[in-house]
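Inspection log for the structure reproduced underneath, given as structure tokens.
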Number of protein chains: 2
Amino acid sequence: MNDCCRPKLANASLRDTETRRVLLAILHDSTGPLAIPDIVARCHGAGRKANKTTVYRDLAAMERAGIVYRVIVSDRKQYFELTERGHHHHFICLECDHVEDILLDEFDLAKQEAQLVKQRGFSVSRHSLEFFGLCKMCI
Amino acid sequence: MNDCCRPKLANASLRDTETRRVLLAILHDSTGPLAIPDIVARCHGAGRKANKTTVYRDLAAMERAGIVYRVIVSDRKQYFELTERGHHHHFICLECDHVEDILLDEFDLAKQEAQLVKQRGFSVSRHSLEFFGLCKMCI
DNA sequence: CTCTGTGCAAACGATTTGCATGATG
DNA sequence: CATCATGCAAATCGTTTGCACAGAG
């Protein structure tokens, strides 16, 4: 069932372990980015009693390999999602911390980035756009 | 010198204390949002040996009063800036964590927000847009 | 004088690190 | 069987809380 992950790991010269396969399956089944404590819980729920340290290290390794993406969202927790989901933005509920994907046209953000490079001398590698508010459950 | 802060505190029915005046002066002198550990250090540097707990509480109180704004930027640290700086966006250096203000036209972000409300049923109260990369010092 | 602000120590929660053991390729 | 992955305990670091004392209005 999780066999679809094997090539991803192999391509990245990462060893094929049960924990990594479960992690990828969890991210695959999610409709939005997940925080690590949550991922650890789901891991245990799925019958894989992985240690949190391992989860942190595996996600970091898979991020280095480009398989997962670290989402810089709100304070205090880091979220992860599958890179294959592609670039998009997020809506974050201020009440329950739920994070949901938002797909937008990239309007003139790219142009703005180019301008930053020219005018301020930064090297801009990516951007993130988040909307904050209350989700349907919390309104 | 910090007397300019007094009316702000009074208007918010917050007591006029040395720590609060120093905090406002520090934020006033900064060209971008500051993280609390940094603010505490600057506080001590300015001769006000305020306890970090007090700094956390004062900034929270001033945020409640609308005087300062809590910036949701990267992970693990919360940043603050003066509300009077107005709405803008940020550039964050991935190397040194330096945060700098970015002024952009609000292009169609407002329109996008309205769409979110209509299409997804969220209540959106604000957004944040950040650009990540390397600052001039770190390139 | 009363209520709010402050300091200190301890608690918390996410994340990281060191080290010994286990499994993969 | 060499190398990489894992588990466990302890350390870090930003942040929060409880409680007693001090200062502003």
Side-chain angles (χ1 to χ4, degrees), chain A residues 2-3 5-24 33-44 46-65 67-68 70-80 96-97 99, chain B residues 2-3 5-24 33-44 46-65 67-68 70-80 92 97 99:
Chain A
N2 298 341
D3 297 347
C5 315
R6 291 183 200 275
K8 275 185 206 153
L9 293 169
N11 289 341
S13 356
L14 289 177
R15 288 191 176 167
D16 176 6
T17 68
E18 161 118 31
T19 299
R20 287 176 181 167
R21 265 178 279 125
V22 172
L23 289 177
L24 289 174
L34 298 175
I36 297 205
D38 186 5
I39 295 175
V40 172
R42 289 176 193 227
C43 219
H44 289 193
R48 177 61 182 175
K49 297 266 171 296
N51 188 276
K52 62 182 173 180
T53 306
T54 303
V55 174
Y56 277 98
R57 283 194 281 227
D58 280 351
L59 287 169
M62 294 195 285
E63 184 199 14
R64 252 177 273 123
I67 301 175
V68 302
R70 187 188 305 257
V71 184
I72 299 179
V73 165
S74 61
D75 250 5
R76 315 268 343 229
K77 276 186 282 190
Q78 34 189 261
Y79 289 73
F80 285 87
C96 68
D97 277 348
V99 183
Chain B
N2 298 342
D3 296 348
C5 316
R6 291 184 201 275
K8 276 186 207 153
L9 294 169
N11 289 340
S13 356
L14 290 177
R15 290 194 173 166
D16 175 6
T17 68
E18 161 117 30
T19 300
R20 287 173 182 170
R21 266 178 277 123
V22 171
L23 289 178
L24 289 175
L34 298 175
I36 296 203
D38 185 7
I39 295 175
V40 172
R42 288 175 195 229
C43 218
H44 289 194
R48 177 61 183 174
K49 298 265 171 295
N51 188 276
K52 63 182 174 180
T53 305
T54 303
V55 173
Y56 276 98
R57 285 195 278 227
D58 279 351
L59 286 169
M62 294 194 286
E63 184 199 16
R64 252 177 273 120
I67 301 175
V68 303
R70 188 188 306 256
V71 184
I72 299 179
V73 165
S74 62
D75 252 2
R76 315 272 338 235
K77 276 186 281 192
Q78 35 189 259
Y79 289 72
F80 284 88
I92 297 121
D97 278 346
V99 182

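Lettering follows sequence order; numbering is per chain, from 1.
Considering all non-hydrogen atoms of both residues, B/His44 and B/Ala50 come closest at NE2-O, 2.8 Å. Residues A/Ile67 and A/Lys8 share a closest heavy-atom pair of CD1-O, 3.6 Å. Closest heavy-atom contact between B/Val22 and B/Arg48: CG2-CB, 4.0 Å. B/Leu14 and B/Met62 get closest at one heavy-atom pair: CD1-CG, 3.9 Å. B/Leu59 and B/Phe80 get closest at one heavy-atom pair: CD1-CD1, 3.8 Å.
Residue B/Leu59 contributes atom CG, which lies 14 Å from atom C1' of C/dG5 at whole-angstrom precision. The separation between A/Asp38 atom CG and C/dT15 atom P is 12 Å, rounded to whole Å. Atom CD of B/Gln78 and atom P of C/dG13 are 16 Å apart (whole Å). One can place CE of B/Met62 at 11 Å from P of C/dG5, the figure rounded to the nearest angstrom. Distance CZ (B/Arg21) to C1' (D/dA24): 11 Å, rounded to an integer number of Å. Atoms CZ (B/Phe80) and P (D/dG14) sit 15 Å apart, rounded to a whole Å. Regarding B/Arg70, its CZ atom lies at a distance of 12 Å from the C1' atom of D/dG14, rounded to whole Å. In this structure, B/Lys49 atom NZ and C/dC8 atom C1' are separated by 17 Å, rounded to whole Å.
Atom CD of A/Gln78 is separated from atom CG of A/Leu34 by 13.0 Å, given to the nearest 0.5 angstrom. To the nearest 0.5 angstrom, B/Leu9 atom CG is 7.0 Å from B/Thr17 atom OG1.
Within the 4.0 angstrom heavy-atom criterion, base atoms lie near B/Arg57.
Between the side chain of B/Arg20 and the backbone N or O of B/Arg15 there is at least one donor-acceptor pair closer than 3.5 Å.
The nearest heavy atom of DNA chain C to A/Asp16 and to B/Val55 marks one nucleotide each, and the one closer to the 5' end goes with B/Val55. If B/Thr17 and B/Tyr56 are placed on DNA chain D by their nearest nucleotide, the residue sitting closer to the 5' end is B/Tyr56.
For A/Arg48, counting side-chain heavy atoms from C-beta on, the closest listed nucleotide (D/dG14, C/dT15, D/dG7) is D/dG7. Comparing C/dT15, D/dG14, D/dT6 against the side chain of A/Ile36 picks out C/dT15 as the nearest. Comparing atom distances between the B/Arg15 side chain and each of C/dT15, D/dG23, D/dT15 picks out D/dG23 as nearest.
When the side-chain nitrogen and oxygen atoms of A/Thr54 are compared with OP1 and OP2 of D/dA5, none of them lie within a distance under 4.0 Å. Distances shorter than 4.0 Å separate some side-chain N or O of B/Asn51 from OP1 or OP2 on C/dC8. Regarding contacts with the backbone of C/dT6, every side-chain N or O of B/Thr53 stays at 4.0 angstrom or more from both OP1 and OP2.
Axis angle between the ends of the helix from C/dC1-D/dG25 to C/dG25-D/dC1, five pairs each and rounded to 10 degrees, works out to 30°.
Side-chain atoms of B/Lys52 and base atoms of D/dT15 include a donor and an acceptor less than 3.5 Å apart.
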